[in-house]
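This structure is a prediction, so every number in the text was calculated from the model and none was measured. First listed ligand is number 1; within each ligand, the first listed atom is number 1.
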Amino acid sequence: MYLGADYYPEHWEKERWPIDAELMQKAGINVVRLAEFAWSKLEPEDNVHDFKWLDEVMDVLNKRGVKVILSTPTAAPPSWLINKHPHILPLLKNGQRMAFGARRHYCITNRTYYYYSERIIRKLAEHYKNDPQVIGWQIDNEFGGPKCYCDNCKKEFQHWLKLKYKTLENLNQSWGNAFWSHDYTSWEEIPLPIVDYHNPTFDLDFRRFFSDMTLKYSNMQIRILKSITPDKFITHNFMGLFPQLNYYKLAEKYDFVSWDNYPEKLENKFHIGLAHDIMRGLKKKNFWVMEERVSYIIREDIIIPTLPPGQMRLWTYQCYAHGAEAVVYFRWRACSFGIEQFDSGILGHDGTDKSISYREAAQMGSEIRRIGPQFEGSKVVSPAAIVYDYDNVWVNYAYQERPMYNYPDEMLRFYKAIRKRGINVDMVKSTDELSKYKAIIAPLMYIVTDEAADNIKRYVEKGGIFIAGFRFGIKDTHSNMVKSVLPGKLEKLFGLSIHTWDNLREKKVEVKDTEGNIYQADTFADLITPKEAKPIARYNSNWYTGHTAVAVNTFGKGRAYYVGCGLPQGFYDRFIEKILPGLALESIKVPDEVEIATRGKKGKRFVFVMNFSAKPSRIFLKKKYTELIKGERLEEKIDLGPFEVLILM
Ligand code: GLA
């Protein structure tokens, strides 16, 4: 199993390289990622390439058994290239051209940039194609912006729309351009969404376009590398809950997904867990963490404090618990210059092995070398899944830069309730094969396509449990409001109708369930009129009184639940306990601060027990277990130390 570090030899004098390689070997670091920001060193002048320094440092690393993931350096085009072709710089929404001096300063549709990108990638691939030390590639770095509003992007967007809508009449109809006289009479008239206050369908299509243009650029790089180095894996470092790209599409042609994980607070353990599960769901397979936080980070918008001893290791084990096959720490050594000089490394600025993070990396190194092979390749099997479609993530923005509702929080309401019971959760598309799941949850599923509606109906008919959150099915695939009675296409499945709804904002609205529990509703309220469906909870104050807030309907062999408003976590915990009995891990009892996740292979199950608390936590094992890390037999009452991790078998 690989445990690695993101290494930037171009930031240090070459006399330092052997010292780093020795310290890596001592810590059990057996892979490094190189060169994602090294274009100016790899091609110091136009078509003048220098790979000598990279060859040298790779030799030094090779002697210490350290493998290499090489990157395509296209996330930071060098100054000579930009000065030769300034139109490569993105034109921002405010009409200004992005200046040189940061990174990701390229227009995603720029053909000149395609040319130079292709050239440096081919050179690198040809040079390293037979080098066994290079096990794989990372393409670019964290795709995702900035969006460009230049003439070429506009032409590409008009072309993209023409391919999608075929006729202007169809586009004007689908966009609802009768509103405020937005009808276009030629494709060349169609602008980019620069005016803030713009048509939601226009907005959605531009988001889809930008994602497709990124996909096109990413696939270009994959094609070249696959053609020259077919035996080396190709991945990209995704960003968890980042909403601007359709990650399912982007991930398709990669061998596996990698992502960059910078957990901030212990109490965010489920938020980070959710991000891991989204990354695993992109290709329905285990993934790498290509940048794992080491310790402090100070940036213009955030100050993340130094991690106390034990926490770096805790977050690392959470990666494995959710399906990581390898973890690569960002970064090997804190850099003494540049924008990120306040980002921590396994080694501090002094380069000694005296840091907490070096000690912890070395502990991880020896543990993973010893126990990693046991759970390597084991699968995360989940009886429940949450629907996560990017069209719904984008529709949630309507036409603004800030979302109408907090999408991650709406997912976390249900996710936390399920994860607290030690039940694994997958993230799926609404059109995926669902039959293996006991329950499917769909928060903020604005758009229900015909295909998704049929898929969900089939799933419930066969005995599945489907749980919708509020705002279900209110929009069509053009982000226009549906004209049918809500919840739209699946009205029959839910056996109810919704004619009135409200945004709650500060309003205090009480909800009482059929067992007499009282809750404060929040965020949004659908006032449900049940038909065949049975109320589970009703509004109990204001003019809402008597209306149904939560309902369930039996449909075929299955059940469809509609949770029509936001409620406190306690409601979801009780709700999930009731409707998903018997799925929880009964043999291990843990308090809320302890997370449990399981992986399995060849009949063996690995239960990761992680104490996300700076205080000791007591857990109860109702049967005997072998603990993998320490090799102990454990049962009954166990006091976990702060940040302690167990892997039980
Ligand atoms: C991101 C980037 C890295 C670096 C780290 C810093 O994830 O990929 O290049 O900027 O953040 O935390």
Side-chain angles (χ1 to χ4, degrees), residues 4-12 31-42 68-78 98 101-106 136-146 214 217-218 221 234-245 247 250-251 254 257-265 268 271-272 275-276 278-279 287-307 311-312 315-316 319 324 326-349 355 357 361:
D6 302 308
Y7 186 39
Y8 302 87
E10 69 272 24
H11 295 170
W12 312 99
V31 67
V32 291
R33 179 192 65 182
L34 298 176
E36 79 272 19
F37 297 116
W39 196 334
S40 63
K41 299 293 181 208
L42 296 165
V68 166
I69 296 159
L70 268 183
S71 313
T72 63
T74 50
M98 184 177 176
R103 59 180 174 184
R104 302 217 57 72
H105 43 287
Y106 66 88
W137 297 91
Q138 171 185 300
I139 281 186
D140 202 283
N141 189 79
E142 295 189 340
F143 280 126
T214 306
Y217 181 70
S218 161
Q221 298 205 16
I234 303 179
T235 187
H236 175 69
N237 52 338
F238 292 68
M239 296 183 277
L241 281 144
F242 178 73
Q244 302 294 349
L245 297 172
Y247 272 173
L250 189 65
Y254 286 105
V257 163
S258 303
W259 82 285
D260 299 344
N261 181 25
Y262 291 90
E264 285 181 30
K265 300 194 190 94
N268 286 355
H271 197 110
I272 301 297
H276 281 302
I278 289 175
M279 295 295 100
F287 53 90
W288 280 41
V289 173
M290 194 60 88
E291 294 183 18
E292 175 67 15
R293 175 182 166 193
V294 164
S295 188
Y296 64 81
I297 296 178
I298 302 175
R299 222 115 3 89
E300 73 275 8
D301 52 349
I302 49 169
I303 293 189
I304 301 182
T306 299
L307 284 183
Q311 241 193 75
M312 171 180 157
W315 290 113
T316 305
C319 301
V327 172
V328 179
Y329 290 110
F330 184 87
R331 50 187 274 155
W332 169 248
R333 180 177 175 187
C335 193
S336 53
F337 47 68
I339 294 168
E340 295 181 344
Q341 57 190 203
F342 280 115
D343 269 28
S344 53
I346 291 176
L347 306 184
H349 291 104
S355 63
S357 26

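- Y247 has its side chain out of reach of V257: every pair of non-hydrogen atoms, C-beta onward, lies at least 4.5 Å apart.
- Residue, atom and distance of the protein heavy atom nearest to atom 12 (O) of ligand 1 are R299 NH2, 2.5 Å.
- Residues forming a side-chain contact (heavy atoms from CB on, under 4.5 Å) with C319 (at least two apart in sequence, or on another chain): N261, H276, V289, E292, A324, V327.
- Applying the 4.0 Å criterion to heavy atoms of F37 picks out, from ligand 1, the atoms 9 (O).
- Note: an N/O pair closer than 3.5 Å links E142 and ligand 1 by distance alone.
- When all heavy atoms are compared, the tightest approach of G240 to A275 is CA-CB, 4.1 Å.
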Taking it one step at a time, do Y106 and R104 satisfy side chain to side chain donor-acceptor pair (under 3.5 Å)?
CA-CA 6 Å; Y106 66 88; R104 302 217 57 72; 2.9 Å; yes
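- A cation-pi arrangement is absent between R293 and W315 under the rule of less than 6.0 angstrom and at most 45 degrees off the ring axis.
- Close contacts between ligand 1 and D343 involve ligand atoms 6 (C), 12 (O) [criterion: under 4.0 Å to a heavy atom].
- Within the structure, the closest approach of R103 to ligand 1 falls below 4.0 Å when heavy atoms are considered.
- For E340, the side-chain contact (heavy atoms from CB on, under 4.5 Å) criterion is met by R103, R299, F330, D343, not counting sequence neighbours.
- At a heavy-atom distance under 4.0 Å, only side-chain atoms of E340, from C-beta outward, approach ligand 1.
- Smallest separation of non-hydrogen atoms from I139 and H236: O-ND1, 2.7 Å.
- Each of the following atoms of ligand 1 lies closer than 4.0 Å to a heavy atom of N141: 2 (C), 8 (O), 9 (O).
- In terms of protein heavy-atom proximity, atom 5 (C) of ligand 1 is nearest to Y262 OH, 3.2 Å.
- In this structure, atom 3 (C) of ligand 1 lies nearest to the protein heavy atom E291 OE1, 3.3 Å.
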